[in-house]
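Following: one structure in structure tokens, then a few remarks.
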Amino acid sequence: MLHGKIALVTGSTSGIGHGIALELAKQGANIILNGFGEFEPAKAEVAALGVKVGYHGADMSKPAEIEAMITYANAEFGGVDILVNNAGIQHVAPIESFPPEKWDAIIAINLSAAFHAMRFAIPGMRAKNWGRVISIASAHGLVGSAQKVAYVAAKHGIVGMTKVVALETATTGITVNAICPGWVLTPLVQKQIDDRAVKEGIPVEQASRELLSEKEPSLQFTTPEQLGGLAVFLCSPAADNIRGVAWAADGGWTAQ
Ligand code: NAD
């Protein structure tokens with residue numbers, strides 16, 4: 001369905017971004033990966049699906065590097081048709097002891113990066129009159145949780161920014177939407193589970209169950225594959241007129 005389309009997925013060396021890149025590639029999209037750490041395994045996995053795959057190591061907290069990544073996409077792939085704003089980090093602490101540098105980093109990577117990526121990528125989408133922007137917000141883009149001031153602020157910001165850019169592109173073939181996952185078992189969440197197990201002196205499995213039962217009525221993690229499937233749907237013609245939504249995939253978290 002997506003043969004010939006070019007998808008840039010930020011933060012796709014791990015977790016949700018990796019899962020979304022694979023599902024888009026299964027539909028035939030060429031993929032540009034981004035993110036820290038080892039990227040060769042992810043690149044090989046995508047390449048095995050028979051699509052063209054590239055990698056750019058832009059630090060998403062640095063606007064000049066984001067611009068360089070879009071320039072690379074234009075030069076090497078012919079543009080960005082599908083932009084998945086996914087790179088993100090977390091820090092958990094009450095506001096009084098929340099390190100200001102963590103606030104700055106979370107706002108830069110989880111919020112401002114999507115602004116910069118969109119402003120650099122959308123002109124190319126306008127030229128083709130087709131595009132998809134899918135930003136990975138969170139249930140925390142819709143509701144709050146204690147100790148996550150920067151993350152919740154950034155994710156609410158993503159939801160707001162999604163609405164604005166969807167309105168600005170409403171008469172074009174470009175759609176702009178957000179996906180709001182609940183708990184997904186990735187390194188970002190595993191750290192929170194491990195910290196909880198240590199703090200409460202309980203086994204990791206129990207910490208995992210407690211984490212789910214606090215927020216997620218389904219008591220199940222959402223998977224990167226499921227989120228990839230939702231991204232594929234948002235790229236399909238059936239979603240041509242879905243604009244500015246913040247689509248929960250959270251096991252009922254925000255239905256409460
Ligand atoms: P993860 O830690 O597994 O992956 C994060 C990715 O972002 C990695 O590839 C990492 O290298 C990359 N990254 C981090 N900082 C970067 C930077 N400065 N520049 C470029 N890349 C950078 O995390 P994940 O759980 O897969 O999270 C992906 C997104 O999904 C995040 O935006 C997160 O907020 C969101 N999310 C996660 C969950 C969850 O339960 N895991 C729930 C809702 C939303």
Side-chain angles (χ1 to χ4, degrees), residues 8-23 31-43 45-46 55-69 83-92 101-102 104-114 116-117 134-145 148 150-159 161-162 178-194 196 208 211-212 214-216 218 220-228 230-231 246-251 253-254:
L8 167 61
V9 186
T10 70
S12 45
T13 49
S14 169
I16 294 171
H18 180 230
I20 291 177
L22 286 176
E23 295 307 312
I31 304 289
I32 302 167
L33 299 167
N34 158 262
F36 295 154
E38 261 198 277
F39 64 87
E40 288 299 347
K43 206 174 163 190
E45 249 183 290
V46 174
Y55 168 80
H56 194 284
D59 178 341
M60 296 304 293
S61 68
K62 302 206 162 77
E65 295 189 22
I66 299 172
E67 185 170 24
M69 181 166 63
L83 169 65
V84 182
N85 293 309
N86 167 78
I89 57 169
Q90 176 63 285
H91 186 80
V92 180
E101 60 278 9
K102 291 285 184 195
D104 287 344
I106 289 175
I107 296 300
I109 297 164
N110 296 17
L111 178 60
S112 302
H116 295 298
I134 301 168
S135 296
I136 308 306
S138 167
H140 287 121
L142 302 170
V143 296
S145 289
K148 295 188 173 174
Y151 190 86
V152 170
K155 295 301 187 182
H156 275 68
I158 286 284
V159 170
M161 189 158 60
T162 295
I179 293 176
C180 297
W183 292 122
V184 186
L185 195 54
T186 67
L188 182 143
V189 164
Q190 189 63 52
K191 182 178 180 307
Q192 294 174 60
I193 294 171
D194 294 346
R196 185 182 187 127
S208 175
L211 183 103
L212 281 170
E214 250 172 34
K215 299 280 185 186
E216 194 143 328
S218 68
Q220 286 174 31
F221 291 101
T222 303
T223 66
E225 295 72 24
Q226 289 166 344
L227 298 172
L230 184 49
W247 193 318
D250 64 2
W253 180 327
T254 55

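All values derive from a computational prediction rather than experimental measurement. Just so you know, ligand 1 is whichever comes first in the structure, and atom 1 is the first atom listed for that ligand.
- Short contacts between ligand 1 and G15, defined as distances under 4.0 Å to a heavy atom of the residue, involve ligand atoms 3 (O), 26 (O).
- In the vicinity of W183, heavy-atom distances shorter than 4.0 Å reach the ligand 1 atoms 40 (O).
- Geometrically, ligand 1 and G35 share no nitrogen or oxygen pair separated by less than 3.5 Å.
- Inclusion of N110 in the set of residues having an N or O under 3.5 Å from an N or O of ligand 1 is not warranted.
- The protein heavy atom nearest to atom 5 (C) of ligand 1 is G88 O, 3.8 Å.
- The closest side-chain heavy-atom distance from E67 to H116 is not below 4.5 Å.
- Donor-acceptor pairing under 3.5 Å is lacking for the side chains of Q90 and K102.
- Contact annotation: the side chain of F221 approaches that of L211 to within less than 4.5 Å [non-hydrogen atoms, C-beta and beyond].
- At least one heavy atom of Y151 sits closer than 4.0 Å to an atom of ligand 1.
- Here is the list of ligand 1 atoms found below 4.0 Å of a heavy atom in A58: 19 (N), 20 (C).
- At least one heavy atom of P187 lies less than 4.0 angstrom from ligand 1.
- Close contacts between ligand 1 and L188 involve ligand atoms 2 (O), 23 (O), 25 (O) [criterion: under 4.0 Å to a heavy atom].
- Under 4.0 angstrom from ligand 1, the non-hydrogen atoms of T186 all belong to its side chain.
- Note that the CG atom of N85 and the CD1 atom of I158 stand 6.0 Å from one another [nearest 0.5 Å].
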Might you work through the side-chain contact (heavy atoms from CB on, under 4.5 Å) test for V9 and N34, ending with a clear yes or no?
CA-CA 7 Å; V9 186; N34 158 262; over 6 Å; no
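- Within the 4.5 Å cutoff, side-chain heavy atoms of M161 are placed close to those of L111.
- With contacts defined as side-chain heavy-atom distances shorter than 4.5 Å, the pair I136/L227 does not qualify.
- Comparing I89, I106, N34 against atom 14 (C) of ligand 1, the shortest heavy-atom distance belongs to I89.
- In this structure, K191 does not pair ionically with D194, as no charged nitrogen and carboxylate oxygen lie closer than 4.0 Å.
- Distances below 4.0 Å separate heavy atoms of A87 from the following atoms of ligand 1: 7 (O), 21 (N), 22 (C), 32 (O).
- Q190 has its side chain within reach of I193: a pair of non-hydrogen atoms, C-beta onward, lies under 4.5 Å apart.
- With sequence neighbours left out, E214 forms a salt bridge (Lys or Arg N to Asp or Glu O under 4.0 Å) with R196.
- The nearest protein atom to atom 44 (C) of ligand 1, hydrogens excluded, is given as A137 O, 3.1 Å; this is a heavy-atom distance.
- When the heavy atoms of T222, N86, I136 are ranked by distance to atom 31 (C) of ligand 1, first place goes to N86.
- Scanning the protein heavy atoms around atom 11 (O) of ligand 1, the nearest turns out to be F36 N, 2.8 Å.
- The residue among I16, V9, D59 with a heavy atom at the shortest distance from atom 30 (O) of ligand 1 is I16.
- For NZ of K215, the number of neighbouring non-hydrogen atoms (other residues, nucleotides, ligands) closer than 6.0 Å is greater than 12.
- The nearest heavy-atom contact from the protein to atom 12 (C) of ligand 1 is G11 CA, 3.6 Å.
- Nearest to atom 9 (O) of ligand 1 among the protein's heavy atoms is T13 OG1, 2.7 Å.
- Put simply, no part of A105 is less than 4.0 Å from ligand 1, judged by heavy atoms.
- The nearest non-hydrogen atom to atom 42 (C) of ligand 1, considering only G182, S138, P224, G57, comes from G182.
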Begin with the C-alpha distance, continue with both residues' side-chain angles, and end with the deciding distance and a verdict on side-chain contact (heavy atoms from CB on, under 4.5 Å) for W247 and C180.
CA-CA 6 Å; W247 193 318; C180 297; over 6 Å; no
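- Taking every heavy atom of I109 and a limit of under 4.0 angstrom, the matching atoms of ligand 1 come to 18 (N).
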Go through the steps for T223 and V184 under the test side-chain contact (heavy atoms from CB on, under 4.5 Å), then give the verdict.
CA-CA 6 Å; T223 66; V184 186; 5.8 Å; no
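- The protein heavy-atom contact nearest to atom 40 (O) of ligand 1 is V184 N, 2.7 Å.
- Looking at heavy atoms from C-beta onward, N110 lies in side-chain contact with Y151 at the 4.5 angstrom threshold.
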Could you pull out every donor-acceptor pair under 3.5 Å between side chains of residues 13-20 and any protein atom, sequence neighbours left out?
unit_1 : atom_1 : unit_2 : atom_2 : d
T13    : OG1    : F36    : O      : 2.8
H18    : NE2    : E45    : OE1    : 3.0

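- Under 4.0 Å from ligand 1, not a single heavy atom of C180 appears.
- At the top of the distance list for atom 43 (C) of ligand 1, counting protein heavy atoms only, stands P181 O, 3.4 Å.
- Shown in contact with V189 at under 4.0 Å from a heavy atom are these atoms of ligand 1, numbered in order with element: 39 (C), 40 (O), 41 (N).
- When only interatomic distances are considered, the shortest N/O to N/O separation between M60 and ligand 1 falls below 3.5 Å.
- Using a 4.0 Å cut-off between heavy atoms, A113 makes no contact with ligand 1 at all.
- With hydrogens left out, the protein atom closest to atom 1 (P) of ligand 1 is S14 OG, 3.6 Å, a heavy atom.
- At a threshold of 4.5 Å between non-hydrogen side-chain atoms, the residues D250 and W183 do not count as touching.
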Working note: L33 + H56, criterion side-chain contact (heavy atoms from CB on, under 4.5 Å); need CA distance, chi angles, decisive distance, verdict.
CA-CA 6 Å; L33 299 167; H56 194 284; over 6 Å; no
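- Here K155 has side-chain heavy atoms under 4.0 Å from ligand 1, and that is the only part of it that gets that close.
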